[in-house]
K.L.:
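Okay, handing you the structure first.
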Number of protein chains: 2
Amino acid sequence: MSAAAPHPVERLAEEDTLSLAERAYRRLRDSIVQGALPAGSRISERSLATALGISAQPVREALRRLEQDGMVVTLPRRGTVVAEFGPERQAEMGRIRAALEGAAAALAAARADDAALAALDAQLQAMRDATAAGKPELVSEANERFHALIHKATDNVFLIRSLAALRAYDHFGRVRALNATPKELPRALREHAAILSALQAKDPDAAEGRMRAHVLRSLEVGGLLPSTRKRPA
Amino acid sequence: MSAAAPHPVERLAEEDTLSLAERAYRRLRDSIVQGALPAGSRISERSLATALGISAQPVREALRRLEQDGMVVTLPRRGTVVAEFGPERQAEMGRIRAALEGAAAALAAARADDAALAALDAQLQAMRDATAAGKPELVSEANERFHALIHKATDNVFLIRSLAALRAYDHFGRVRALNATPKELPRALREHAAILSALQAKDPDAAEGRMRAHVLRSLEVGGLLPSTRKRPA
DNA sequence: AACTGCCATCTGCTATTGCAGACTGCATGA
DNA sequence: TCATGCAGTCTGCAATAGCAGATGGCAGTT
């Protein structure tokens, strides 16, 4: 397998001319996670289509994707409503994300080539600089890019799409985690460095364990993940 | 609830009540995993719609779901082709499934009520009987039902849908795993019992670890998961 | 013969229309 | 007062038609 061969899936990530369905999906998703559409809100394909100035089909397609993501629930011939996801649901999604991020790290360790590792190292350096400068938002950006690079390195469509869906859930919680305490920034940095070293060593199990622990701990700092992880006998 | 009509999650509705899109999705998915549509096959919305005797919209919706599952790749204005998933891809999906099954077990441990635990125990007993009778097919059925019950117990839509998609990938490999060696049946039975005991004890970490190990080992027996995974004693 | 530009035809994408099931509110009857 | 039938309306679902982009073959030129 040549590294020069471009994968067709990578293209749709940054297509300047997105389809209407894709735009509707992102817009709805953001509206839901930001609270503009609270749980229980009824969403009609037609009314939403007219509100967005498009046809009903793209809206329907967006709602289908949101249903797969667990953000809305559709009752046939009844309607579509926004699903409720309180703190405990977000904690669940966080746990799921930890598991999937771990799997992604394991696959990336077995598959990442030198170019991918170099890109990861660059992002790690950017994160180091932002940490030294004490700019949490830049750290957060570099942090997300770091994770996204690992996802991409797996070259697994299912994993990439699933993690993209999960990312929408706890996006704000993740930012909050980094802003929670100043000590958090260097800690996340150290963990990222440890993960990258595992990837460079092509050690799937180490990469998975470290990534998993990293995500779980950041969830704890973010206030999610109640007492499921800590079980002092 | 009575055991007279125990529907597995996926088989609860009969052909007539399902939407055309759902039917097209399952039919295409099965055709792909069974090899009737080999990797690289070009799929046209229109021609497939006429072949199935339905309109193009349900077909399109089915293709979108398959794309989310990673089974087809769509290039805008170009066409839709069946993605390639050889042994190494199946091994990847197996690893991902192990991670998600583990997460499901953890959530189920924290959430399952007595009724769900009783249903699991019933399935375990059915599996025990089938094992004693030496009927791999019945064991496989009970096995899948056991896992499906755990998924359902999580009450997490995203997890349920993701695992349902993953199940399609290695369905045949999983059956093969149980038929591989007679010793495999009681082993899977013991592991299931251990998982259930962790669920009953409301121990998420134990449940996750045991479930994860169970899935990984069954993948090894099934011939997937090459040499990337080394089992420490 | 080799290159180039055009056009028929394919593709996925979107819009429009109509359908059947399910809810709502009012009129009717006891 | 309470129950009940019945439109009118809303819902998601499906079919049809037409759009723009991409492809491949063919004619024309060099």
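All values below were derived from every heavy atom in this structure, side-chain atoms included, with hydrogens, water molecules and symmetry-related copies excluded. So you know, we letter chains A, B, ... as the sequences are listed, proteins then strands, and number each from 1.
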K.L.:
Listed by chain and number, what are the side chain to side chain contact (heavy atoms under 4.5 Å, CB included) partners of A/A207, not counting sequence neighbours?
P.N.:
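With sequence neighbours excluded, A/A207 shows a side chain to side chain contact (heavy atoms under 4.5 Å, CB included) to A/A105, A/A109, A/A198, A/L199, given in chain and number order.
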K.L.:
Please check if the side chain of B/D69 supplies one atom and the backbone of B/M71 the other of a donor-acceptor pair under 3.5 Å.
P.N.:
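Checking the backbone N and O of B/M71 against the side chain of B/D69, no donor-acceptor pair under 3.5 Å is found.
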K.L.:
Say whether, by atom type as modelled, one donor and one acceptor occur between the side chain of B/R60 and the main chain of B/E45 under 3.5 angstrom.
P.N.:
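Answer holds: no.
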K.L.:
For the residue pair B/F85 and B/Y169, categorise the inter-ring angle as parallel (less than 30°), tilted (30 to 60°) or perpendicular (more than 60°).
P.N.:
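B/F85 and B/Y169: perpendicular rings.
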K.L.:
Just by modelled atom types, is the A/R111 backbone N or O under 3.5 Å from a matching donor or acceptor in the A/K202 side chain?
P.N.:
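Not confirmed, A/K202 side chain does not pair with A/R111 backbone.
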K.L.:
The side chain of B/R64 is closest to which nucleotide in this list: D/dA15, D/dG12, C/dG12?
P.N.:
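In terms of side-chain proximity for B/R64, the closest of D/dA15, D/dG12, C/dG12 is C/dG12.
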K.L.:
Calculate the interatomic distance between B/R23 atom CZ and D/dA14 atom C1'; express it in whole Å.
P.N.:
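Rounding to the nearest Å, CZ of B/R23 and C1' of D/dA14 are 12 Å apart.
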K.L.:
One thing to verify: whether A/R145 and A/E141 come together as a salt bridge, which I'm taking to mean a side-chain N less than 4.0 angstrom from a carboxylate O.
P.N.:
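Looking at A/R145 together with A/E141, the answer is yes, because their closest N to O distance falls below 4.0 Å.
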K.L.:
So does B/Q57 reach the base of D/dT16 with its side chain, donor to acceptor, closer than 3.5 Å?
P.N.:
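Per atom types, the contact qualifies.
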K.L.:
Could you tell me the separation between the CD atom of B/E61 and the P atom of D/dA15, rounded to a whole number of Å?
P.N.:
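Distance, rounded to whole Å: 12 Å.
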K.L.:
Classify the angle between the aromatic ring planes of B/F146 and B/H192 as parallel (below 30°), tilted (30 to 60°) or perpendicular (above 60°).
P.N.:
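Parallel.
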K.L.:
Quick check on D/dA14: is either OP1 or OP2 less than 4.0 Å from any side-chain nitrogen or oxygen of B/S55?
P.N.:
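Checking D/dA14 against B/S55, no side-chain N or O comes under 4.0 Å of OP1 or OP2.
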K.L.:
Nearest-Å distance, CZ (A/R60) to C1' (D/dA15)?
P.N.:
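A/R60 atom CZ is separated from D/dA15 atom C1' by 12 Å.
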K.L.:
Can you pull out the residues from residues 74-81 of chain A that lie within a 4.0 Å heavy-atom distance of DNA chain D?
P.N.:
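Heavy-atom cutoff 4.0 Å gives A/R77, A/R78, A/G79, A/T80.
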K.L.:
Within residues 38-54 of chain B, which residues have any heavy atom lying less than 4.0 Å from an atom of DNA chain D?
P.N.:
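Hits under 4.0 Å, by residue number: B/R46, B/I54.
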K.L.:
For the side chain of A/S162 and the backbone of A/F158, is there at least one donor-acceptor N/O pair under 3.5 Å apart?
P.N.:
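Yes, because the side chain of A/S162 sits within donor-acceptor range (under 3.5 Å) of the backbone of A/F158.
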